[in-house]
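Chain A is the first sequence line, chain B the second, and so forth, proteins listed ahead of strands; every chain is numbered from 1.
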Amino acid sequence: MKLATWNVNSIIARLPRLLDWLDQLSPDVVCLQETKVADDSFPYAELRELGYDAAAHGDGRWNGVAILSRQGVADIAYGVPGAPNFPAPRSPPEARAITGTCGPLRLTSVYVPNGREPADPHYVYKLRWLAALGAAIQADAAGPGPFAVLGDFNVAPTDDDVWDPASFVGSTHVTEPERAALAALRDLGLRDVVPRPLKYDRPFTYWDYRAGMFHQNKGMRIDLVYGNSAFAGSVDDAYVDREARKGKGMSDHAPVVIDLSL
DNA sequence: ATGCCTTATTTCATAAGA
């Protein structure tokens, strides 16, 4: 089984590239983030033509997650129960998680809040959201069946996961509390399935659009695959598909592709 | 070459991304 996760930065803007990529790679299941589309505008028909069912959870302008699958998506759950809201407690919950079962696999596709700056209320929101995520997936993580929570975590697990740690001092994505939140997820029995890079020495998954960052490989590894033992034990290969980050009309994230023997 | 930011919307300007 071929599984992938990809922050597409708008599924509408990315649709031609996404469809080409699906056609070329032919993954069985794909978790998407930042679809940036309301559910009634989701491109179900175009995906169906390539054989994919889709479960989507969108806000419209921001956020948005989805699971595409060639073997259907069952037992769908939207969002994270108990997740905080932003900016106000009474704000509607943001569409940042969707869970479903695709054949033997149970998956949660996540788009973790950015945090903006350590002093920003959004940073507190991010930490609380990650804590709620842990509580929500605890049972699936501890279960015997293969499960993974995967997507854009907006946290670089270690200093090796950013191109220049010195340039990130004082920024989000690298702070101790964010990394502790990831460690808490691993403590649920989840393992970081680290992909191999297809070029250079580190498996970055995100490069800023600006200033030729991609071309200088000034990136970050913030798109993560956290699998339980049944999942991680079935991984044959995992890699960052940096080819999909090239050219015109690309996302600022590359997909992570995982081959599994289930 | 991979090439110097992109997205949707409250659109000719803004907020957000990380």
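No contact: Met250(A) has no heavy atom under 4.0 Å from any strand. Across all strands, Tyr206(A) comes closer than 4.0 Å only to sugar-phosphate atoms, never to a base (heavy-atom distances). Counting non-hydrogen atoms under 4.0 angstrom, Tyr111(A) reaches the backbone sugars and phosphates but no base. Within 4.0 Å (heavy atoms only), Glu243(A) reaches no atom of the nucleic acid at all. In this structure, Lys218(A) reaches neither bases nor backbone, as no heavy-atom distance under 4.0 Å exists between it and the strands shown. Residue contacts shown for Asp152(A) are limited to sugar-phosphate atoms, with no base heavy atom under 4.0 Å away.
The aromatic rings of Phe42(A) and Tyr44(A) sit tilted relative to each other, their planes meeting at an angle between 30° and 60°.
Ranking dT7(B), dG17(B), dT2(B) by closeness to the Ser10(A) side chain, first place goes to dT7(B). Picking from dC5(B), dA18(B), dT7(B) the nucleotide with the shortest atom distance to the side chain of Tyr209(A) gives dC5(B). Ranking dA8(B), dA18(B), dT2(B) by closeness to the Phe214(A) side chain, first place goes to dT2(B). Of the candidates dG17(B), dA18(B), dA15(B), the closest approach to any side-chain atom of Arg61(A) belongs to dA15(B). Of the candidates dT2(B), dT7(B), dA18(B), the closest approach to any side-chain atom of Asn154(A) belongs to dA18(B).
Straight-line distance between the P atoms of dG3(B) and dT14(B): roughly 30 Å, to the nearest whole Å. Atom name P, nucleotides dT2(B) and dA16(B): the rounded distance is 35 Å, in whole Å. Taking atom P on both dC4(B) and dA15(B), the two are 26 Å apart, rounded to the nearest angstrom. Look at the P atom in both dA18(B) and dT7(B): the space between them is 14 Å, to the nearest Å. Rounded to a whole angstrom, the distance from the C1' atom of dT11(B) to that of dT6(B) is 15 Å.
The separation between Phe204(A) atom CZ and dT2(B) atom P is 20 Å, rounded to whole Å. The nearest whole Å value for the distance from the NZ atom in Lys248(A) to the P atom in dC5(B) is 12 Å. Protein atom CZ of Arg210(A) is 14 Å distant from nucleotide atom P of dC4(B), rounded to whole Å. The nearest whole Å value for the distance from the NE2 atom in His122(A) to the C1' atom in dA16(B) is 9 Å. Distance CG (Asp241(A)) to C1' (dT2(B)): 13 Å, rounded to an integer number of Å. The distance between atom CG of Leu198(A) and atom P of dT2(B), rounded to the nearest whole Å, is 14 Å. Rounded to an integer number of Å, the gap from CD of Glu117(A) to C1' of dA16(B) is 12 Å. Atom CG in Leu15(A) sits roughly 15 Å away from atom C1' in dT7(B) (whole-Å rounding).
Remark: side-chain polar atoms of Arg70(A) are not paired, donor with acceptor, to backbone N or O of Val29(A) under 3.5 angstrom. In this structure a side-chain-to-backbone donor-acceptor pair under 3.5 Å is present from Arg202(A) to Val162(A).
Arg14(A) has a side-chain polar atom (N or O) that falls below the 4.0 Å cut-off from OP1 or OP2 of dT7(B). For dG17(B), one of the phosphate oxygens OP1 or OP2 lies less than 4.0 angstrom from a side-chain nitrogen or oxygen of Arg116(A). Close to dG17(B), at under 4.0 Å from its OP1 or OP2, lies no side-chain N or O of His253(A).
Each of Glu34(A) and Ala13(A) was assigned the nucleotide of DNA chain B with the nearest heavy atom; the assignment lying further toward the 5' end belongs to Ala13(A). Between Tyr200(A) and Asn114(A), the residue anchored nearer the 5' end of DNA chain B, judged by the nucleotide with its closest heavy atom, is Tyr200(A).
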Checklist entry - Can you check salt bridge (charged side-chain N to carboxylate O under 4.0 Å, His left out) on Arg210(A) and Asp252(A), steps first, answer last? => result CA-CA 10 Å; Arg210(A) 291 164 285 193; Asp252(A) 43 1; over 6 Å; no

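For Lys246(A) and Glu243(A), the salt-bridge test passes: some basic side-chain N is under 4.0 Å from an acidic carboxylate O.
Across Asp192(A), Asp160(A), Asp201(A), a single residue satisfies salt bridge (Lys or Arg N to Asp or Glu O under 4.0 Å) together with Arg221(A), and that is Asp192(A).
The hydrophobic clustering, which links ILVMFWY residues whose side-chain heavy atoms are closer than 4.5 Å, places Val256(A) and Leu68(A) apart.
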